[in-house]
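Have a look at the structure below, then the notes.
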There are 2 protein chains.
Amino acid sequence: MSSALESASPVAEAEAAVDQRVTDLIRDAIIRGEYVPNQRLVEADLGDVFSASRATVRIALLQLAAEGLVERLPHRGSRVRAISLEEAIEILEVRIGVEGLCAAKTAASISDEDAEALGRLRSQLIESVAEGDLVEYARLNRYLDVRVRELSNHATASDVLARLHAQSVRHQFKLSSRPQRAKISVLEHAAIIDAVVARDPAAAEQAVRSHLLSVIDALRSLSTSEPGAPADS
Amino acid sequence: MSSALESASPVAEAEAAVDQRVTDLIRDAIIRGEYVPNQRLVEADLGDVFSASRATVRIALLQLAAEGLVERLPHRGSRVRAISLEEAIEILEVRIGVEGLCAAKTAASISDEDAEALGRLRSQLIESVAEGDLVEYARLNRYLDVRVRELSNHATASDVLARLHAQSVRHQFKLSSRPQRAKISVLEHAAIIDAVVARDPAAAEQAVRSHLLSVIDALRSLSTSEPGAPADS
DNA sequence: GGCACCCATTTTGTCTACAATCTTAGAACC
DNA sequence: GGTTCTAAGATTGTAGACAAAATGGGTGCC
């Protein structure tokens with residue numbers, strides 16, 4: 001029965017997303033903040049905007065709901081999921097374990113060239129903060145995260161992290177736009193890179209842990225200093 | 001704009017699944033092993049079996065693909081995803097971090113009654129193994145996992161774990177059906193319960209780690225002793 | 001004035017039909 | 001005999017239409 005499928009490799013994983021044009025467009029719009037938390041996402045409207053049928057949009061929304069970006073209420077529609085501070089902290093707590101694993105794996109297996117590249121990235125990070133270029137710093141930060149995931153060669157962890165990351169983009173953003181915060185976090189990032197380049201898995205895991213715990217603290221104090229501004233719409 | 005949705009609580013999460021009848025049926029069938037890995041899942045056929053339209057089945061398959069239970073190849077259909085040994089180990093590695101977190105959280109906040117209940121569960125586990133009732137032992141085991149997740153009160157971690165668990169059911173099953181293995185793992189489980197009941201987060205996290213590392217070892221040696229039997233169909 | 005009920009509107013959930021794509025088998029050709 | 005092209009079959013992707021559910025406003029009643 002069906003000879004063609006039998007022989008396909010179990011590697012694929014990523015390329016499977018081909019026609020998910022609409023899904024990607026909506027996801028990007030949410031992540032970019034074009035659609036704000038709690039905003040309603042009416043299937044017909046979105047189909048109109050992206051010139052796709054309702055069936056396509058519907059599938060996209062279900063997909064995004066599975067990713068945790070969208071909330072669906074039966075017979076009542078979809079809306080952009082609002083990630084509360086508590087949830088954001090939960091996400092960071094989970095990331096401690098998973099990113100720690102990635103960092104450890106990377107430290108254990110990194111190649112010489114990749115290690116060198118990370119070293120350069122380290123310099124760039126420090127430089128961007130010194131120049132006060134927070135946008136560039138945020139970009140390099142994201143790149144570091146992605147790179148460590150890739151280098152860990154851990155598909156499962158990468159999947160989990162990608163999902164978690166997408167959900168908490170908004171909260172991350174609030175933090176990374178603070179110059180004060182950048183000066184602290186850049187040191188922590190440098191420490192992570194140092195441990196990885198030194199090929200010390202335990203130290204890398206610990207460095208990630210320290211960093212994320214620090215982020216949690218920062219989020220907490222940020223929220224107490226400027227009390228709940230839940231009105232996003 | 002839209003007053004009804006604005007006030008909905010961000011808790012829901014679970015009850016959102018109402019009409020997912022078909023999704024649940026297919027998921028159960030896969031987890032129970034009714035549909036074996038690599039088996040093709042043709043939308044029209046499934047619609048016939050579950051007396052639903054293709055559109056409904058299609059959505060169910062996309063949902064399951066997002067959960068990692070089903071693999072979709074564009075224009076070529078869906079099939080039950082085969083979790084390789086490497087992937088199963090990856091999943092366990094991730095679980096170390098996340099379940100460790102849950103255990104630590106639970107240990108830090110467990111109530112007296114819940115602690116007592118866990119103590120009783122501990123006795124039942126030991127008893128079931130002593131009597132050689134592996135089916136009962138497996139059931140209790142699942143319950144322990146679920147319970148620790150619940151008690152941790154950590155929605156994000158629970159979500160991640162639920163997803164990972166569903167994927168690796170098959171491999172878990174292979175292990176838990178070995179009497180030899182049960183005798184080892186029951187001690188580890190008892191250690192986890194002890195640490196949680198003693199309200200020692202660090203010890204609980206460590207006990208989980210030890211246990212899962214031991215499972216990884218067991219899986220590895222199991223696969224070397226009975227070399228690749230990839231023919232599931 | 002407030003409360004319960006009912007109906008119109010909006011939006012989702014489901015089904016059927018059509019188009020696009022891929023696979024497979026067979027025939028023509030070298 | 002083997003290879004390439006072509007066409008038929010099977011299966012997925014998309015669109016549009018209908019049915020079901022929930023919301024919101026309005027009317028009647030107390």
Side-chain angles (χ1 to χ4, degrees), chain A residues 1-9 12-27 30 35 38-66 69-81 233, chain B residues 1-9 12-27 30 35 38-66 69-81 233:
Chain A
M1 55 164 88
S2 71
S3 58
L5 274 175
E6 302 304 321
S7 61
S9 81
E13 267 314 333
E15 53 145 337
V18 170
D19 72 308
Q20 299 188 336
R21 194 174 54 85
V22 177
T23 307
D24 293 339
L25 288 174
I26 299 179
R27 187 193 296 109
I30 293 176
Y35 296 137
N38 286 326
Q39 180 169 345
R40 287 196 61 186
L41 301 172
V42 177
E43 298 179 357
D45 295 357
L46 290 175
D48 208 35
V49 171
F50 298 109
S51 49
S53 91
R54 244 196 69 214
T56 307
V57 172
R58 185 178 177 72
I59 286 178
L61 288 175
L62 282 161
Q63 205 77 13
L64 295 173
L69 283 177
V70 163
E71 194 173 13
R72 282 181 72 75
L73 303 166
H75 291 280
R76 291 174 55 186
S78 313
R79 55 178 189 179
V80 180
R81 196 159 89 91
S233 65
Chain B
M1 56 164 88
S2 73
S3 58
L5 274 175
E6 302 306 321
S7 61
S9 81
E13 262 323 324
E15 52 146 338
V18 171
D19 73 307
Q20 298 188 336
R21 194 174 55 84
V22 177
T23 308
D24 293 339
L25 288 174
I26 300 179
R27 186 194 296 109
I30 293 175
Y35 296 137
N38 285 327
Q39 180 169 343
R40 287 197 60 186
L41 300 172
V42 177
E43 298 178 356
D45 295 356
L46 290 175
D48 209 35
V49 171
F50 298 108
S51 49
S53 90
R54 246 197 64 214
T56 307
V57 173
R58 183 178 178 71
I59 285 181
L61 288 176
L62 282 160
Q63 206 76 11
L64 295 174
L69 283 178
V70 163
E71 192 174 14
R72 283 180 70 77
L73 304 166
H75 290 281
R76 291 175 53 187
S78 314
R79 54 179 189 179
V80 180
R81 195 158 89 91
S233 62

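In what follows, chains carry the letters A, B, and so on, assigned in the order in which the sequence lines appear, proteins first and then strands, with residues in each chain numbered from 1. On a predicted model such as this, the values are computed, not experimentally measured, just so you know.
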Residue pairs involving residues 45-54 of chain B (criterion salt bridge (Lys or Arg N to Asp or Glu O under 4.0 Å); sequence neighbours excluded): B:Glu43-B:Arg54
Could you please name the option among C:dT12, C:dT23, D:dG13 that lies closest to any side-chain atom of B:Arg76? C:dT23
Given atom CZ of A:Phe50 and atom C1' of D:dG13, what is their separation to the nearest angstrom? 19 Å
Hey, could you give me the CG/CZ distance between B:Leu25 and B:Arg27, rounded to the nearest 0.5 Å? 10.0 Å
If we only count heavy atoms from C-beta on, is the B:Tyr35 to B:Leu41 side-chain gap below 4.5 Å? yes
Going by the rule side chain to side chain contact (heavy atoms under 4.5 Å, CB included), which residues pair with B:Leu62 if we only count those two or more places apart in sequence or in a different chain? A:Ile59, A:Gln63, B:Arg58, B:Arg72
Distances for protein N or O near nucleotides 15-18 of chain D N or O, under 3.5 Å:
residue : atom : partner : partner atom : Å
D:dA15  : OP2  : A:Ser53 : N            : 2.8
D:dA15  : OP2  : A:Ser53 : OG           : 3.2
D:dA15  : OP2  : A:Thr56 : OG1          : 3.3

Please confirm whether the shortest side-chain N or O distance from B:Arg72 to OP1 or OP2 of D:dG13 is below 4.0 Å. yes
Rounded to the nearest angstrom, tell me the gap between atom NE2 in B:His75 and atom C1' in D:dG13. 6 Å
When you measure from the side-chain N and O atoms of A:Arg58 to the phosphate of C:dG13, is any distance below 4.0 Å, counting only OP1 and OP2? yes
To the nearest Å, how far apart are A:Leu73 CG and C:dG13 P? 10 Å
Take atom CZ of B:Arg79 and atom C1' of D:dT11, then tell me their distance rounded to the nearest Å. 15 Å
Rounded distance in Å - CG (A:Leu62) to P (C:dT12): 11 Å
List the residues meeting side chain to side chain contact (heavy atoms under 4.5 Å, CB included) with A:Ala55, not counting sequence neighbours, and say none if there are none. A:Ser53
State, yes or no, whether a side-chain contact exists between B:Phe50 and B:Thr56 at a heavy-atom distance under 4.5 Å. no
Taking only N/O atoms, report every protein-nucleotides 5-10 of chain C pair under 3.5 Å with atom names and distance.
none

Measure CD/B:Glu43 against P/C:dT21 and give the value in whole Å, please. 16 Å
Contact check, side chains of A:Leu61 and A:Leu46, non-hydrogen atoms, under 4.5 Å: yes
So, do A:Val80 and A:Asn38 sit near enough that their side-chain heavy atoms are less than 4.5 Å apart? no
Could you check if a side-chain atom of B:Arg79 sits within less than 4.5 angstrom of a side-chain atom of B:Gln39, using non-hydrogen atoms only? no
Counting any heavy atom closer than 4.0 Å, what does B:Leu41 reach on the DNA or RNA strands: base, sugar-phosphate only, or nothing? sugar-phosphate
Measure the distance from CG on A:Leu46 to P on D:dT14 and round it to the nearest whole Å. 16 Å
